[in-house]
Each structure stands twice: as structure tokens, then as C-alpha cells.
Amino acid sequence: MKHTLRFTTLATLVALASAVKAQDVKMISTTSDRQMDLAESRLPFSSTKGSNVIQLLPNETYQTMDGFGVAITGSTCYNLMRMTPESRTRFLEETFNPSSGYGFSYCRVSIGASDFSLDEYTCCDTPGIENFGLTDEETTLVIPILQQILSINPNLKIMGTPWTPPKWMKVKDLQSMEPWDGWTSGSLNPNLYKDYATYFIKWIQAFQQAGIPIYSVTPQNEPLNRGNSVSCYMPWDEEAAFVKVLGPEIEKAGLKTKIFAFDHNYNYDNIESQKDYVGKMYQDPEANKYLAGGAFHNYGGKKDELIAVHNATPGKDLVFTETSIGTWNDGRNLERHLNEDMEELGTGTLNRWCKGVIVWNLMLDEEKGPNRPGGCQTCYGAVDINMDYTKITRNSHYYVIAHLSSVILPDAVRVGTSGYTQEGLTYSAFKNPDGTLAVVLNNANTSDMDLTFADGKRQFQCHVPARSAVSLKW
């Protein structure tokens, strides 16, 4: 089902966008058959408890949330720029506005090219760090789009991630130290760690000068993946060594940008020496003091790895930073993916200590592009747009992020729950900084269910449709 750019859902949200009233509960529902499509309704509080009670425990607290969002790639920006200004504004308002839209609150951007850029490049392709400079992709696509998004949501957090260092900083491997003139694979030359740290600083400062603050970075996207069209191999000991240079340089520059380690799969790509990549970096005292936490993707392994990492180092943060859908997993099939992805990316990561969830491309065209040879040519976006840039199709990842960000505010604290459980039903509860409470839940069952939610002061009944995602805020 395609959505024209009239966005009737946005009109509904605008009409109901005043603060949640003390006497009711905001409910947002999506069913896998799209009969309910981010449909908003109101529920009354009740003087009596119904059945199947889920009790919120606001004094039992877990992680504090950073936010939820999408990657703003060169390809995404290319497609957004081909929409009419009015249509683009409506879409971005619906997506990022925290009052009248869904309030997406965290974006990931590439430092230099990714496999969803318009060309292979870095911001310093001429040897010598003095030759650093932003490219047309940043200045005419990425920065203008980020500036527009920030005008809609000034509290947006932004993570920067490189897919590769400049080629002149790469070697074949640390044993031979032979130069590596390739976008794919190779390793970062340890003799140039200081230059590469300066590259990060210059990039952060250039975006900052454009009015775009950088909240966090990771040292390398998918450091165990040699095969991406732009990539660099960086095992844990090399990343730890680089962080010991990058961290002090960030501090010296007076920046508050956080560093998250790893940014790759739960299963460490089945490389035995790289298992517990993040934990091994934490064991280096000098690297550890500059690391806010670890970042993970789900292209391999199981999400319970998040629990293992948290339990080993409970003082460190976790963020989920990338996942894709595409032709290989029938990615446009919402009947398959709504509940599957809501469990995997929503309640599944939240209940395993993640502070943020970011999916891959916000927008690709209906031909899965633009993309780079050697990168993913079979991916869909969180939304896809037709080739005349007038009709948008939402995919599962958009729904998941919208369900999270529309009720869980940045700096919300996850709280405990007790009571009713059932196979196929998962949920997470939060206390927002404005005092409101929120629940996101996933009903993967083929039958409706009636639930009662109680917070110790009030309660309400909630009818949850079969095969649905539901968000609640009161």
C-alpha cells in the first residue's frame, strides 16, 4: 500500500498533538495488514482493573534513552532533494517533529562515503591532513538535509561513522605495512593514527560550523567486514590503539562527542579472535576511559549478546546502529516484518539495555538506489519513494522507529514491569522526563487480546489487535 504525499496520518497527528491529557491515554496502533496504519486513538482511565494486568514499576529503573532513528546517507539525501520542497518538508515534519510528528531523534551519517553514497570518497583524498575538506555530497546534500531536520527537531542526536580512512592512510596489513590503494579492505596505518584522529576532529568541527552538532562517533563501520565497497579491517586491538589517540584529541579540541566501539555484528563475524570485541577493548585501561560503550548490528548472531556485554560491563552503554531489509528477506512484506522487526529491533533491544536504535537508509528509491557497486544493491529503505518522487511506501523499519520515538522521549528511563505474559507478546515500559509513562508492545499472535495497564495510581484497559505493534503514553 502506497501513501501519497498528502499524509492524512500527519493531519490526524497535528489535530491531536497537544500534550497528553491527564484524563486519557494516547494509543498508536499498526497492524501487519495495514488496516491500522499508525492510527491514533484515546483510551480512558478506569476505576476498576480488568483482566491480564501488566503493572508498571516506575521505581525499578534501567537504562536512560538517547533516541531512535535512521541513517541519513548520501542516497537518502539525493532522493529527498528530488522531492518538491513542500513534499519534502511535509515528510520530514511527519518523521522528525516531536510535537506533531513521530519525533525521530537519532541519526547516523557517514564520515566520507558509505556504500549508499553517490561516489567513493573521503574528506581528504589528497595526501596530507592539511588537505581536509568537505565534498559536494556533504555540502549540497547531507548538510542541507540535516539542517532542515534540525530546524524541525533541534534536539536531534547525530552519530558519525567512517566506512574507510583516506586511502593514503591505509596499508595492506600491519605485518607488511605495504601501501593499500583501495577503497575496500586494507588497514589503518598506525603511523598515521594522529592524522586520522585530526581527520575526525576536522569533520566534527566542519559539521559543527554548519550548525550540526555531532553527539557520537564510532571509529569504524563494520571493522570485521573486508568486503564492503568502502571498508577497512580493524580488529579490536587496532581499534583500541586508535581510540587511545582519538580520545585525547577529542578532549583537547574541547568536544563532548562520545565514542562507541565496534559497530558490527552480534556474532563478531564468527572470527574467534574477535569474539567479545567490545569487552576486550574495555580491558585496555587507556582505551576504556574514552569509550562510552559499544554499538551493534544484527546481520549475524543473536541479540542476547547485548545482555552478555552489559552484564560484563554494566557501567557502559549499548546502542543498536544498523539493520537492513531487502529482497533477500522479502523486506517489503509488512505481514512478515512488522512483528518480526518490532521484536528484533524494538522490545528486543530495549529489554537488553540498548539506549538507542538506528536503522539503515531513511529513504531509497523504488529501484533500491542510488547505491554503489560492491555495496548492497538489494536493500530497501525505511521508506521507498517512486521514481517520480511523489509517492512513498513505508516499510517495517519506519513503523518500528515511529512506534518507539512517538512515545519514548530522549532521556526517558526504562522501568520494570510485572504481571501478565504470553508467548508472542513482548513489551517495554518507560518513564519520560516530563513525567509521562510509555509502553511499546508487540503482539505477534494471530488473535486480539485485552490487557490492563496499571502504574500504581491509575489503570486502563487496552484492546490490542492481532499481529500488531502498539504504543501507549499517559
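Nothing fancy with the numbering, it's 1 onward along the sequence.
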Can you find a pair of side-chain heavy atoms, one from L224 and one from W236, that are under 4.5 Å apart?
no
In short, M65 meets G356 closest at the heavy-atom pair CE-N, 4.1 Å
Can you find a heavy atom in the side chain of V470 that is under 4.5 Å from one in the side chain of P465?
yes
Shortest non-hydrogen pair, M83 vs M363, comes out as SD-CE, 3.8 Å
Check for me whether R226 meets the cation-pi criterion with Y233, that is, NZ or CZ under 6.0 Å from the six-membered ring centre and within 45 degrees of the ring axis. yes
| Any sub-3.5 Å donor-acceptor pair from S110's side-chain atoms to A113's backbone N or O? | no
Rounded to the nearest 0.5 Å, the CG atom of D455 sits from the OG1 atom of T417 at a distance of 13.0 Å
Scanning both residues in full, the closest heavy-atom pair of A429 with V439 reads CB-CG2, 4.0 Å
| request: Just do the side-chain hydrogen bond (donor to acceptor under 3.5 Å, both in side chains) check on T347 and N351 with the steps written out, would you? | output: CA-CA 6 Å; T347 57; N351 291 340; 5.0 Å; no
task: Scan side-chain atoms only and decide if Y389 and T84 contain a donor-acceptor pair under the 3.5 Å cut-off.
output: no
**Message:** If we ignore hydrogens and angles and just use 3.5 Å, is the side chain of N298 paired with the main-chain N or O of N265 as donor and acceptor?
**Reply:** no
Is the centre of the Y277 ring less than 6.0 Å from the centre of the Y268 ring? no
Is it true that the NZ or CZ of R42 lies under 6.0 Å from the centre of W474's six-membered ring and within 45 degrees of the ring axis? no
Decide salt bridge (Lys or Arg N to Asp or Glu O under 4.0 Å) for E366 and R332; before the verdict, give the C-alpha distance in whole Å, the side-chain angles of both, and the deciding distance to 0.1 Å. CA-CA 11 Å; E366 63 185 358; R332 288 181 176 144; over 6 Å; no
Q | Electrostatic pair D384:K391 at N-O distance under 4.0 angstrom | A | no
Find out whether L246 and I259 are in side-chain contact, i.e. whether some heavy atom of one side chain is under 4.5 Å from a heavy atom of the other. yes
Check this for me: does any side-chain nitrogen of one of K302 and E305 sit under 4.0 Å from a carboxylate oxygen of the other? no
With under 30° as parallel and over 60° as perpendicular, where do the rings of W360 and W163 fit, or are they tilted in between? parallel
Does any non-hydrogen side-chain atom of N443 lie less than 4.5 Å from one of S468?
yes
Checklist entry - Does N228 use its side chain to pair, donor to acceptor, with the backbone of S231 at less than 3.5 Å? => result no
query = Are the side chain of D115 and the backbone N or O of R372 linked by a donor-acceptor pair below 3.5 Å?
reply = no
TODO: Might you work through the side-chain hydrogen bond (donor to acceptor under 3.5 Å, both in side chains) test for D388 and N386, ending with a clear yes or no?
DONE: CA-CA 6 Å; D388 64 5; N386 68 342; 2.6 Å; yes
Heavy atoms of S117 and G112 approach each other most closely as OG-O, 4.4 Å
Side-chain touch V309/R352, heavy atoms, less than 4.5 angstrom = no
From the list N445, T31, L334, N339, side-chain contact (heavy atoms from CB on, under 4.5 Å) partner of R467 resolves to N339
Does the side chain of E93 reach to within under 4.5 Å of the side chain of R88, using non-hydrogen atoms? no
Kindly say whether N329 contributes a backbone atom to a donor-acceptor pair with the side chain of R336 at under 3.5 angstrom? yes
Practice item. Would you check, one step at a time, whether the test side-chain hydrogen bond (donor to acceptor under 3.5 Å, both in side chains) holds for S405 with Y106? Key: CA-CA 10 Å; S405 62; Y106 209 160; over 6 Å; no
**Asked** Is there a donor-acceptor contact under 3.5 Å from the side chain of Q147 to the main chain of A210?
**Response** yes
Quiz prompt | Check: F96 ring centroid to Y102 ring centroid under 6.0 Å | solution = no
The complete set of disulfide (SG to SG under 2.5 Å) pairs with one or both residues in residues 418-474, sequence neighbours excluded, reads none
Can a donor-acceptor pair be found, under 3.5 Å and without considering hydrogens, that links the side chain of K157 to the backbone of P410? no
So, does T436 use its side chain to make a donor-acceptor pair with the main chain of N432 at under 3.5 Å?
no
OG1 (T76) and CD1 (I145) are apart, to the nearest 0.5 Å, by 9.5 Å
Query raised in the report: Mind checking whether H337 and Y399 have side chains closer than 4.5 Å, heavy atoms only?
Result: no
Original post:
Do side-chain atoms of N333 reach the backbone of E335 as a donor and acceptor pair under 3.5 angstrom?
Top reply: yes
Nearest heavy-atom approach of C354 to L306 is SG-CD1, 3.8 Å
After noting the C-alpha distance and the side-chain angles of N361 and T73, does the key distance pass the side-chain hydrogen bond (donor to acceptor under 3.5 Å, both in side chains) rule? CA-CA 6 Å; N361 295 283; T73 60; 2.6 Å; yes
Test ring pair (Phe, Tyr, Trp, His ring centres under 6.0 Å), reference F296, set F262, F260, F320, output is F262
| said: Using ring centroids (six-membered ring only for Trp), state whether F453 and Y420 fall under 6.0 Å. | reply: no
Taken to the nearest 0.5 Å, the spacing of L437 CG from K457 NZ works out to 8.5 Å
One should read off an interatomic distance between I28 CD1 and M36 CE, to the nearest 0.5 angstrom, of 11.0 Å
Q) Do H403 and T30 have side-chain N/O donor and acceptor atoms under 3.5 Å apart? A) yes
Here the gap from L472 atom CG to L451 atom CG, rounded to the nearest 0.5 Å, amounts to 9.0 Å
query = Under 4.5 Å between any side-chain heavy atoms of M159 and I214, yes or no?
reply = no
Looking only at atom types and distance, does a side-chain atom of N267 sit under 3.5 Å from a main-chain N or O of D269, one as donor and one as acceptor?
yes
(Q) If we count only N and O atoms by modelled type, under 3.5 Å, do the side chains of Q148 and T89 hold a donor and an acceptor together? (A) yes
Closest non-hydrogen atoms of H463 and D448, given as atom of the first, atom of the second and distance, are NE2-OD2, 2.9 Å
Hey, are D37 and R34 close enough for a salt bridge, meaning a charged N less than 4.0 Å from a carboxylate O? no
query = Taking the six-membered ring of Y282, is the NZ or CZ of K316 close enough (under 6.0 Å from the centre) and on axis enough (within 45°)?
reply = yes
